[in-house]
Every structure is written in C-alpha cells, then in structure tokens.
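Report on the structure given below.
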Amino acid sequence: MTISQTNANWYIYGAGGLGIEVADIIRSSSRAANQEFNLVFIDDFSTEKMIYGLNVVRLEDISGEPAIATVASGEPQVRLSLRNRLVNTRLKLASVSDSTARVSPSTMIAEGVIISPFCSISSRAKIDINSTINTMTIIGHDVTIGEDCSISSMVNLGGTVKVGARTYVGMGALIKEGVQIGDDVIIGMGSVVYSDIPSGMIALGNPARVARKNENKQVFK
Ligand SMILES: CC(C)(COP(=O)(O)OP(=O)(O)OC[C@H]1O[C@@H](n2cnc3c(N)ncnc32)[C@H](O)[C@@H]1OP(=O)(O)O)[C@@H](O)C(=O)NCCC(=O)NCCS
C-alpha cells in the first residue's frame, strides 16, 4: 500500500468481477496493516449506484482531496486505457497485495499492481506498472513482467521468464524457465510454453504454438 491515512478514499476503477475481488484484497491487506479505507468503485458506464455494498461514481464526478486508485480489469488494453484516464486527475495509482500472498522482499512491484490471494512472488522478480496477478499464481525468481499485463490464476512462470507489456497469460498456463514472451501477446489457458513467443501473437496448446496474430487485442469477447 502506498498511503497510510485511515478512512481515506481508495477508488477501484472497474466494478466487474475483478473489481469486487480487488475490494476483498484491499480489505484483507488493510485489515492486516490495521488500516481502513473507504472503498469506492469508479465505473463510467454502470447505471447502478451501489455494487457489492460500495458506492459507484464516474471518474468525471470525483473531486476533493487527492486519493488513490487501482485499476480492476483483466483485459490488458482496458487496463492501459483506464490507467491513462487517471493521468492528470487527483488519483494516484496504488498497488495492493493480498495478506495471504508471499512476496519476496527483493521483489520490485510498481504502482497499480494487484497481487491476489495465495500468490508466490519469488526473489528479484519485477512487476511493472498496473499489472495484475491473479489467484494462486507462482512467479519464479528474476521474472520480469511488463506494464498493464494480466496474469490469470494458477499460472506458473519459471525463473527468469520475461513477459512483455500488455500481455495476457490465461488460466493455468506454464511457462518454462528463461522463456521470453513479447508485448501484446495472448497465451491461451492451459498452454505449456517451452519457447519464446514474439510480440503481437496468440499462442496456444501444449507445446504452445503461435495460432495467429493478436489483431483485435481483446481476450474476452
Ligand atoms: C486463447 C483464447 C483467447 C482464444 O479465444 P478465441 O479466439 O475465442 O478462440 P476460440 O475459443 O474461438 O477457439 C479457437 C480454436 O482454438 C482452440 N483453443 C482455444 N483456446 C485454446 C487453448 N487455450 N488451448 C488449446 N486450444 C484452444 C479452440 O478449441 C478452437 O479450436 P477449433 O477451431 O478446432 O474449434 C481463449 O481460448 C483463452 O484461452 N482465453 C483465456 C481464458 C482465461 O484465462 N480465462 C480466465 C478468466 S478469469
């Protein structure tokens, strides 16, 4: 967490499935640190005023004291665009790590990163701005993950793996140690990746093969 005020507003940008999970993660981690935040969803399209017991506002309606915000979308392009919408606002990106996650003290975690329950982030790993790591994912030593990535649940990244910016790694994928995955890649769920995957591709299967270009850069249809 990057702010120590109690009862400060913590905005969660995106009130969908990941949004409610992030609300739980913030509550769990702030409880463990004896802090309390007033959680608020930002959703620029929802007509609902309250979701999961939290108020829902539009970004343009936020005024007042500076506060912190975490982007909650599993779609890398959406993560990037919501992060960009926060630039020049009163909201500063904040990272959050569930109290059950095991994060090495030598890990570097940038602003806006989400670390979900039961993840293990090993020594000297680097997770860049605004990436999200879902439940029970294992990140090996010296792994680097670029900006605005979405790493699904139960993924295992072997030591020194590199993942480029805005890449999506599907549920349960295994990436062999040392493999490099480019920018704007989608790795299909359950894939086993033994060799490098160039930027801008969708790769699937065991062994993972490039299936096609990632033309519309959208994981969820
Ligand atoms: C990779 C992915 C994005 C492809 O989606 P898509 O473009 O809609 O592809 P389709 O589902 O139309 O499948 C196209 C073909 O690839 C196959 N395929 C799709 N995903 C596959 C995968 N992960 N492994 C192996 N084959 C796969 C399909 O069976 C289909 O084969 P067919 O042409 O012989 O019928 C999607 O399958 C995926 O893995 N999404 C991530 C899911 C996930 O992690 N969810 C987490 C939710 S929190």
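Numbering of ligands and ligand atoms starts at 1, following listing order.
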task = Please state whether Arg212 comes within less than 4.0 angstrom of ligand 1, counting heavy atoms only.
result =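 It does, in that a heavy atom of Arg212 comes within the 4.0 Å cut-off of ligand 1.
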
ask   = Does Gly190 reach ligand 1, in the sense of a heavy atom lying below 4.0 Å from it?
value = no

query = Lys221 heavy atoms, cut-off 4.0 Å: which ligand 1 atoms fall inside?
reply = 6 (P), 7 (O), 8 (O)

key: Under 3.5 Å: N/O of Met189 near N/O of ligand 1   = yes

ask   = Considering distance alone, does some N or O of Tyr168 sit under 3.5 Å from an N or O of ligand 1?
value = yes

request  = Using the side chain to side chain donor-acceptor pair (under 3.5 Å) rule, pick out the option among Arg79, Arg166, Arg83 that qualifies with Asp148.
outcome  =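 Of Arg79, Arg166, Arg83, side chain to side chain donor-acceptor pair (under 3.5 Å) with Asp148 is met by Arg83 alone.
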
query = Counting heavy atoms only, which of Gly205, Gly170, Gly188, Ser152 is nearest atom 24 (N) of ligand 1?
reply = Gly205

Where is the nearest protein heavy atom to [atom]: which residue, which atom, and how far?
atom                    : answer
atom 20 (N) of ligand 1 : Leu204 CD2, 3.8 Å
atom 40 (N) of ligand 1 : Val219 CG1, 4.3 Å
atom 3 (C) of ligand 1  : Ile186 CG2, 4.0 Å

Protein heavy atom under 4.0 Å of [atom]:
atom                    : answer
atom 13 (O) of ligand 1 : no
atom 48 (S) of ligand 1 : no
atom 34 (O) of ligand 1 : no
atom 28 (C) of ligand 1 : no
atom 43 (C) of ligand 1 : yes

ask   = Only one of Ser120, Cys119, Ser152 forms a side chain to side chain contact (heavy atoms under 4.5 Å, CB included) with Thr137, so which one is it?
value =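 So the option named by the test is Cys119.
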
query = Does the side chain of Ser28 pick up a donor-acceptor pair with the side chain of Ser99 at under 3.5 Å?
reply =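 The criterion, which ignores hydrogens and geometry beyond distance, is satisfied for Ser99 and Ser28.
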
ask   = Distance only, no hydrogens: is a donor on one side chain within 3.5 Å (strictly under) of an acceptor on the other, for Ser73 and Tyr13?
value =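 No, Tyr13 and Ser73 have no side-chain donor paired with an acceptor closer than 3.5 Å.
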
